[in-house]
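Comments concern the structure below.
First the proteins, then the strands, lettered A, B, ... as listed; each starts at 1. As the structure is a computational prediction, the values presented were derived from the model and not from experiment.
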Amino acid sequence: MALTVAQLMDALPESEDREIEELAVADRVADPRSLASMWPVPVGRFHRLRLLGTLQAKIGAAYLFHWVRGWFRNAEENKRLLAETHWKTALRVLDSMTYLRGAVMKLGQMLATLPNVAPKEFIEALDCLYFQAPPMHWSLLRELVHNELGDDPENIFASFDKQAFAAASLGQVHRARLKTGEDVVVKIQYPGIARTIREDMRNLALFMLPSRLNRDWDCLKDQVDDLCLRMEYETDYEREASTQEAVRKLFSEDDGIVVPRVFREYSTSRVLTMERLDGVHLDEFMATNPSDDVRNEFARKLLRSGYRMSYTGRLMYADLHPGNFLFMPDGRLGLLDFGMVVPIEGEFWELMRRMDRGFSTGVQADRINGIKEWSWITDERQDAEPLRLLDQFTDWTWRSRSTIGEYDFCDEAEFRRGIDLFLALLRTRFARGRSQTLSISRLNFGLASFLYRLKAKVAVLPIAEQEVRATGWDRSEYALRCDA
Amino acid sequence: MRITTEAKAAMRLKIVETAKLLFAERGFEQTTTRDIAQAAEIATGTLFNYFPTKEAIVQELVDEALRAAEVRLSEQTSSSAGTDLEVSLDEELFAIVAAGLRALKPLRTYLSALWQTVFSPLASATDDSDSFRARHLECVSSVLVRHGFSADVAPNVLQLYWTLYTGVLVFWTSDKSPKQEDTLALLDQSMRMFAGWLIAERPPSRRKKSSA
């Protein structure tokens, strides 16, 4: 469905709001988070529902409007409008997210992993959410720790940093030292956040009601139900601790990949205490102008960690954003945050085995077979266009996997192509697929954008082929040879 | 025979401790003043000499718990004095209420006995100066003064605070969330809202650096 300029103009906020809006924006430029953090968190479902809807409309309208307007303006003015639109949108998003905390913030994090969909200013504002969300003050933390661990933090730990060094949608992270001498980080969840997320997810389901008329409703519903379940998992730190321990066992010292040790006796479903790793995140790492070799070595570790988790651990890391990886000074890669890890078990694992050929050979016929099975594509005429787009998108997603030799992840045109294909797919409103489609999309986009930002150029095939052996699958008929 | 002050105090303590045990065992509603007198091995009439109602015993228990919380809070404040972290107004108010909630935890299930009296939003402002309400508001006032507000805090400001505070208490007693975590969120947001409003209401020349 093509939108007209008039429709997009209509979708923008009313003109009488403009003056108030400009005032509000000017007010917040100094520190966009300061104002929002003073707002009370809305508790009524309908109040939140209205906010969420407004937020989606505003972001969507602002971006679509910009894209369309851009076709009619000269470059210089376009640039000005671009910055203006991005900044205003970023501010709106930041405000609304701080306000709503829960699931909407996660949505922001998902957007922030797509550098070319979301422009630089937008990403910078959203990136703040990883580490600079409004903190819980010390007195609240003390009560939470007392509730969870049975005593005040100053009695339980040898030292406990009152200032959070990282904060995100679900919790905030403090440095501490155990009485036995280990340096740790303690992740503490904001009280009641789990219920907030459930509410947001129910709201999301309400927004999707118009899609019920769509023939792909059941699949879409399955996928959203799956995401709801994962989000609930993510609020359970006990579950996260178990996953983290399972993943930790997958790597040896030679891999150069580290997963922090969990201290169970200082952890509950709302508090997670783990070993502290030294290192920096992606942006800080890139600011040091690392050499190609150093960047590519980290990229190989990142890829290996993903394949190891999938093929040996049968776990899928569905929260692949820069805040979850540490570039350690000794060259090791630190993996953090295991709340959003999806088990690949039963039927899903069996499906993975059957899909292997389709996604690893790079041959179109194999790929089409795989897509047809994954998305229940028929030979009906209305499925022809989605199949064509899915084929191109799947090719884009998995091409690095079947490329002999190095694959250049920082090819901007290629990255752009993937985003355009993804948007084209969204426009077809084709939503058939397995319940894991959303998680896999997050993983693939997250990986592609991470490696793009890391400016990586590495051979993926040898790593993937080495790791896939752990499955024991018979691949003799189709496996690619790395030395071919 | 004259009863000494010490003996009176000992008797009060005995009644209160006995009542505490019975409330915990049977629940507040199921415990009568006769039960308490019987368990304390005194005549019901003697009990009434000390406490005219069952609610008055609860009030004594609450008062005792809150006095202990006040001591703990002042120790905490003095031990953290001189640290680099600047404590915001909303955090200080949060800490006062949270210390009280901790102390009241064993009494949570029968606190509702005091909704009409001590913890009523309408509790009289002209109560004697040693009442819990007076002591609590005195503590709040001193925090406000520390954050640059004038020493004669307007009565409506304190009334508004008290209404919020008693609201949080009522919510807490019926909070069914795990470990009453929803109360912590409500308290955090209530104090943030109150402090934010107070700072916004302050004349611009006096706003300075104080933050919500």
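Other residues, nucleotides and ligands place no more than 12 heavy atoms under 6.0 Å from the CD atom of B:Glu41. Within a 6.0 Å sphere centred on CZ of B:Arg34, other residues, nucleotides and ligands contribute 12 heavy atoms or fewer.
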Legend entry - Derivation of the side-chain contact (heavy atoms from CB on, under 4.5 Å) call for A:His137 and B:Val87: CA-CA 9 Å; A:His137 52 63; B:Val87 180; over 6 Å; no

Inset, instruction - Start with the C-alpha gap between A:Arg270 and B:Glu181, add the side-chain angles, then the distance that decides, and say whether side-chain contact (heavy atoms from CB on, under 4.5 Å) holds. - result: CA-CA 10 Å; A:Arg270 297 279 187 268; B:Glu181 60 175 1; 3.0 Å; yes

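Note that the CG atom of B:Leu184 and the OG atom of A:Ser139 stand 11.0 Å from one another [nearest 0.5 Å].
Residue-level contacts of residues 140-148 of chain A with chain B, in order of numbering, are A:Leu140, A:Arg142, A:Glu143, A:Leu144, A:His146, A:Asn147, A:Glu148; threshold 4.5 Å between heavy atoms.
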